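As structure tokens, the structure follows; a few thoughts come after it.
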Amino acid sequence: VKKASVFGRAEYIFNNRYIINGSVRADGSSVFGADYRWGIFPAGSLAWHLGEESFMAFAKPLFSRIKLRTSYGLSGNDGIRFGLSQYQYSVRDVYIGGGEGTKGMYPSNPYNPKLRWETTAQWNAGIDLSIGRVEASFDYYIKRTKDLLNPDPIHPSGGFPNYVNDGRRFEYTAMMVNDGEVENRGYEIAIKSTNINKKGFTWNTAFNFAHNRSEVLKLNDGKPRFQYIRPHGSYEEKEYMMLKEGEPLSAIYGYVFDGIIQQGESYAPQSKSAPGDPKFRDLNGDGKIDENDRTVLGTGIPKTIIGLNNSFTYKDFDFSFFFEASLGAKMLNLTRIYLEDNNRLAASSDRWTRAHASNSVPRNGYQKNDGLLYGSYVNSRFVEDADFVKLRNIELGYTFNGNKWNMKTLKTMRMFVGGQNLLTFTKYQGFDPDISTNGSSAIAQGLDLNSYPAYRTINFGVKLTF
């Protein structure tokens with residue numbers, strides 16, 4: 001991948017109160033079509049030190065700074081691999097007849113010469129305040145991203161088979177396209193304070209609060225687009241996440257679990273179900289359970305992030321800790337589904353039998369051979385709250401001052417011990433609610449499929465300054 005950038009910036013300050021900033025950058029990336037490799041992204045901002053105006057003199061005893069600011073700018077995203085705008089061919093063993101494989105070439109990526117930059121326009125307005133030892137800021141933003149870079153599935157009959165590992169089967173491949181528009185809007189609050197600063201002891205606190213809401217504004221001519229999953233070869237592949245106009249990003253999409261069908265119970269929407277089978281809610285009221293009874297069960301993206309940091313120093317000692325909270329996200333726990341179906345969880349002991357009328361764990365589970373006639377494993381019972389509070393960092397240190405010890409070559413020596421992710425408070429039943437099987441993908445957060453939890457780390461060390 002080849003990239004190039006040109007950047008220019010100008011700033012004008014008048015009377016130390018009014019600030020104007022402007023910038024333009026041109027970015028080029030070889031991942032796009034030949035005629036669309038360059039993007040132009042301007043930005044500008046205005047700031048006003050309102051507290052310095054004479055008519056604001058009445059506020060001076062309380063506020064040492066009042067600053068208003070706003071900004072608007074464009075930015076680009078080229079975060080795709082090279083070659084997705086070009087024809088690509090692959091060579092591998094293919095099976096034409098018999099049991100012997102033959103080397104063959106097949107098209108593996110369709111041609112899209114109009115593939116171009118994904119562009120985000122963001123407007124922001126904020127205020128900065130200083131009150132004694134406290135600094136506070138508030139920001140409100142609206143961010144719209146258009147020409148979203150996302151894959152558009154193509155059926156193998158279109159001439160682009162995507163062979164799986166055994167070379168005998170093919171699944172859907174996809175063409176990378178620019179399609180869709182997404183909006184994020186929210187606000188952020190940040191507060192810093194010096195709580196105590198006397199007699200060699202200081203205590204500083206930093207608090208931040210961020211709330212965000214996302215919505216898909218345009219996509220695929222109003223038709224939904226799905227992500228697919230198969231937790232194991234013993235399960236059918238299912239749609240589990242949906243992108244659709246009017247819905248948030250990373251919308252988990254499935255059935256509403258409504259208990260277990262009991263002996264003697266007649267449930268008309270699932271007329272062929274037997275006692276012990278899972279029961280799903282007939283959301284559209286048409287008297288039958290089918291794919292039209294699925295709904296959005298939550299989003300894998302948290303709505304609110306809260307952080308709290310405290311730092312203390314006393315003479316040569318220092319101590320700090322940082323807590324982070326994530327609220328509002330959901331997680332589809334496919335790891336739990338597989339373990340429960342294979343009787344590897346304590347909850348499996350609650351499986352329905354004629355002698356044990358469970359209302360949570362079905363008699364057979366959700367695998368291919370379990371005889372499930374309605375619904376699927378993508379249901380609300382396995383969509384869990386992924387809220388958590390974590391002790392992200394904690395550290396204790398002591399600094400030796402070389403001058404105090406008459407050491408000419410050594411200025412300071414700091415010894416420290418600390419830890420990361422030592423404590424997690426959550427109701428999530430998996431290993432860690434702060435994970436994502438799909439990495440940082442904004443359209444597929446909220447999936448836990450054998451995801452490795454974050455490390456608990458304890459570290460210590462010495463830092464020397466000469």
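Predicted model only: the values in this text are computed from it and were never measured.
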(request) Assess the side chains of Asp341 and Tyr235: does a donor N or O sit below 3.5 Å from an acceptor N or O? (result) yes
(message) Regarding Asp139 and Arg69, does a basic nitrogen lie under 4.0 Å from an acidic carboxylate oxygen?
(response) yes
(request) Run the ring-centre check on Tyr366 versus Phe382 and record whether the distance is less than 6.0 Å. (result) yes
(message) Check whether Asp432 reaches the backbone of Ala454 with its side chain - one donor and one acceptor, N or O, closer than 3.5 Å.
(response) yes
(message) Salt bridge or not between Glu215 and Arg213? Use side-chain N to carboxylate O under 4.0 Å.
(response) yes
(message) Can you tell me how the ring of Phe400 sits relative to the ring of Tyr398, calling it parallel under 30°, perpendicular over 60° and tilted otherwise?
(response) perpendicular
(message) How close do Tyr377 and Ile337 get, counting heavy atoms only, and between which atoms?
(response) O-CD1, 3.4 Å
(message) If you count every heavy atom of other residues, nucleotides or ligands that lies below 6.0 Å from Phe460 atom CZ, does the total exceed 12?
(response) no
(request) Run the numbers on Gln445 and Leu249 for side chain to side chain contact (heavy atoms under 4.5 Å, CB included), then give the verdict. (result) CA-CA 8 Å; Gln445 294 295 296; Leu249 291 172; over 6 Å; no
(request) Determine, for Arg144 against Glu183, whether the closest basic-nitrogen to carboxylate-oxygen distance falls under 4.0 angstrom. (result) yes
(request) Check for a donor-acceptor pair, side chain of Ser250 on one end and backbone N or O of Ala442 on the other, with a separation under 3.5 Å. (result) yes
(message) Students often mix this up, so state it plainly: with edges at 30° and 60°, are the rings of Phe323 and Phe321 parallel, tilted or perpendicular?
(response) perpendicular
(message) Is it the case that over 12 heavy atoms from other parts of the model lie below 6.0 angstrom from the OH atom of Tyr452?
(response) no
(request) Please check if the distance between the ring centroids of Tyr72 and Trp123 is under 6.0 Å. (result) no
(message) What I want to check is whether the side chains of Asn212 and Tyr141 have a donor and an acceptor closer together than 3.5 Å.
(response) yes
(message) Please find the pair of heavy atoms, one from Glu265 and one from Ile260, that lie closest to each other, and give the distance.
(response) OE1-O, 3.8 Å
(message) For Phe41 and Trp117, take the angle between the two ring planes, folded into 0 to 90°, and tell me which bin it lands in: parallel under 30, tilted 30 to 60, perpendicular over 60.
(response) perpendicular
(message) Looking at Phe226, I'd like to know if its CZ atom is crowded, meaning that more than 12 non-hydrogen atoms belonging to other residues, nucleotides or ligands lie closer than 6.0 Å.
(response) yes
